Trainee: 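I'd like to ask some things about the structure below.
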Amino acid sequence: MIRIGHAWDTHKLVENRKLILGGILVDYPLGLLGHSDADVVLHAVAEALLGSLALGDLGAFYPDNSDKTLNMDSKIIVKECYQRVLDLGFHINNLDLTIYSQNVRIAPIRLKIQESIAGLLNIGKDQVSVKATTWEKMGFIGEGKALACECVCLVED
């Protein structure tokens with residue numbers, strides 16, 4: 001059996017926060033605001049994995065009002081979500097991600113993000129597609145106020 005999961009995550013760019021995308025620290029003057037490390041890429045991956053098997057959303061497992069999840073490393077979140085998938089007898093076939101960013105250039109770090117995600121999930125780089133696009137200077141992403149990531153995953157038993 002195959003199952004498809006989809007997720008979108010968005011976080012606001014702010015001062016005095018680190019920018020972490022796909023588990024990679026990015027050299028940029030702003031970072032993403034959130035209860036955890038606010039890694040929009042890994043949050044989208046984790047939630048797509050949960051969605052593929054109708055397990056709920058990230059907030060059900062990692063509430064944004066809990067001291068246990070405050071400043072949590074999103075690498076842990078992804079690994080735990082994937083373990084839930086594995087525990088149900090499924091594994092990842094592939095992930096397809098699109099990062100939405102106006103000013104943070106993704107091309108120079110795209111392969112690092114791809115390798116990071118593949119390594120976290122113990123899958124091949126050829127199973128992780130990472131793409132990026134701008135919003136043509138429209139809306140909150142286009143104005144450089146936020147970043148977002150969308151992920152579609154295919155899991156199979």
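The structure displayed is predicted, hence computed values, not measured ones.
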Trainee: Please identify each residue that fulfils side-chain contact (heavy atoms from CB on, under 4.5 Å) with D157, with sequence neighbours left out.
Mentor: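 Applying side-chain contact (heavy atoms from CB on, under 4.5 Å) to D157 gives M1, F90.
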Trainee: Measure the spacing between CG of L58 and OG of S36 and express it to the nearest 0.5 Å.
Mentor: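 If I round to the nearest 0.5 Å, the distance is 8.5 Å.
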Trainee: Hydrophobic cluster membership, with links at side-chain heavy-atom distances under 4.5 Å among I/L/V/M/F/W/Y: are V40 and W135 in one?
Mentor: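 No, because V40 and W135 fall into different hydrophobic clusters, even though each may have its own neighbours under 4.5 Å.
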Trainee: Nearest 0.5 Å please: distance from the CD atom of E150 over to the CD atom of E47.
Mentor: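 These two atoms lie 12.0 Å from each other.
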Trainee: Where is the tightest heavy-atom contact between L13 and G144, given as atom of each residue plus distance?
Mentor: CD1-O, 3.5 Å
Trainee: Cluster question for you: counting only ILVMFWY and a side-chain heavy-atom cut-off of under 4.5 Å, with indirect links fine, are I106 and F140 together?
Mentor: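 Not linked; separate clusters.
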Trainee: Drop me the distance from I92's CD1 to I123's CD1, to the nearest 0.5 angstrom.
Mentor: 4.5 Å
Trainee: How many angstroms lie between CD in Q127 and CG in L121, if you round to the nearest 0.5 Å?
Mentor: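 Result: 9.5 Å between the selected atoms.
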Trainee: Among all residues two or more places apart in sequence or in another chain, which pass the salt bridge (Lys or Arg N to Asp or Glu O under 4.0 Å) test with E143?
Mentor: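 If we apply the salt bridge (Lys or Arg N to Asp or Glu O under 4.0 Å) test to E143, skipping adjacent residues, the hits are K145.
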Trainee: If you define the side chain from C-beta out and look only at heavy atoms, does anything of D57 sit under 4.5 Å from L50?
Mentor: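 Not touching, per the 4.5 Å side-chain cut-off.
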Trainee: Hey, are the side chains of V128 and V45 touching, using non-hydrogen atoms and a 4.5 Å cut-off?
Mentor: no
Trainee: With side chains defined as the heavy atoms from C-beta onward, is the minimum distance between I77 and L42 less than 4.5 Å?
Mentor: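 No - every pair of side-chain heavy atoms lies 4.5 Å or more apart.
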Trainee: Are any non-hydrogen side-chain atoms of L21 and L32 less than 4.5 angstrom apart?
Mentor: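 In contact.
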Trainee: Any side chain to side chain donor-acceptor pair (under 3.5 Å) pairs touching residues 103-126, not counting sequence neighbours?
Mentor: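 Pairs touching residues 103-126 that pass the test: none.
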Trainee: Hydrophobic clusters join Ile, Leu, Val, Met, Phe, Trp and Tyr when side-chain heavy atoms are under 4.5 Å apart, directly or via other members; which others share one with L154?
Mentor: I2, I4, V152
Trainee: Name all pairs fulfilling the salt bridge (charged side-chain N to carboxylate O under 4.0 Å, His left out) condition that reach into residues 14-40, sequence neighbours left out, sorted by first residue then second.
Mentor: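 Passing the test, one end in residues 14-40: no pairs.
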Trainee: Enumerate the salt bridge (charged side-chain N to carboxylate O under 4.0 Å, His left out) contacts for residues 87-103, please, sequence neighbours excluded, ordered by first and then second residue.
Mentor: D96-K131
Trainee: Suppose we screen for ring pair (Phe, Tyr, Trp, His ring centres under 6.0 Å). Which residues come up paired with F61, at least two apart in sequence or across chains?
Mentor: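 F61 satisfies ring pair (Phe, Tyr, Trp, His ring centres under 6.0 Å) with no residue once adjacent residues are dropped.
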Trainee: Can you tell me how far apart CG (L30) and CG (L19) are? Round to the nearest 0.5 Å.
Mentor: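 It comes to 8.5 Å.
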Trainee: Mind listing the closest non-hydrogen atom pair of D9 and A44 along with its distance?
Mentor: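 Shortest heavy-atom contact: CB-N, 4.2 Å.
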Trainee: What's the shortest heavy-atom distance between C153 and A48, and which atoms?
Mentor: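 Taking every non-hydrogen atom into account, SG-O, 3.3 Å.
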Trainee: Restricting to pairs with a member in residues 8-46, which pass ring-ring contact (aromatic ring centres under 6.0 Å, His included), not counting sequence neighbours?
Mentor: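 ring-ring contact (aromatic ring centres under 6.0 Å, His included) check on residues 8-46 returns W8-Y100, H11-H43.
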Trainee: I want to check something: taking the side chain as every heavy atom from C-beta on, are V85 and H91 in contact at a cut-off of under 4.5 Å?
Mentor: no
Trainee: Checking the side chain of T69 only, and the main-chain atoms of P63 only, is there a donor and an acceptor separated by less than 3.5 Å?
Mentor: yes
Trainee: Hey, what do you get for CD1 (I117) to CD1 (I24), rounding to the nearest 0.5 Å?
Mentor: 8.5 Å
Trainee: Kindly give the cluster partners of L33, where membership spreads through any ILVMFWY side chain lying under 4.5 Å from a current member.
Mentor: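 Taking Ile, Leu, Val, Met, Phe, Trp and Tyr as members, L33 shares its hydrophobic cluster with V14.
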Trainee: Are the side chains of I113 and I99 in contact, using a 4.5 Å heavy-atom criterion?
Mentor: yes
Trainee: Could you state whether V155 and L120 fall into the same hydrophobic cluster, counting links through intermediate Ile, Leu, Val, Met, Phe, Trp or Tyr residues with side-chain heavy atoms under 4.5 angstrom apart?
Mentor: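 Per the 4.5 Å side-chain linkage, V155 and L120 are co-clustered.
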Trainee: Applying side chain to side chain donor-acceptor pair (under 3.5 Å), name anything that partners E80, two or more places apart in sequence or on another chain.
Mentor: Y62
Trainee: Could you list who else is in L25's hydrophobic cluster, with ILVMFWY side chains joined at under 4.5 Å, directly or through other members?
Mentor: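 Noted: L25 shares its cluster with I20.
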Trainee: With side chains defined as the heavy atoms from C-beta onward, is the minimum distance between N94 and S129 less than 4.5 Å?
Mentor: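 The answer is no, as the side chains (C-beta and beyond) never meet within the 4.5 Å cut-off.
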Trainee: I need the full list of ring-ring contact (aromatic ring centres under 6.0 Å, His included) pairs touching residues 106-132, with sequence neighbours left out, sorted by first then second residue.
Mentor: none
Trainee: With heavy-atom distances below 4.5 Å as the criterion, would you say the side chains of V41 and V130 are in contact?
Mentor: no
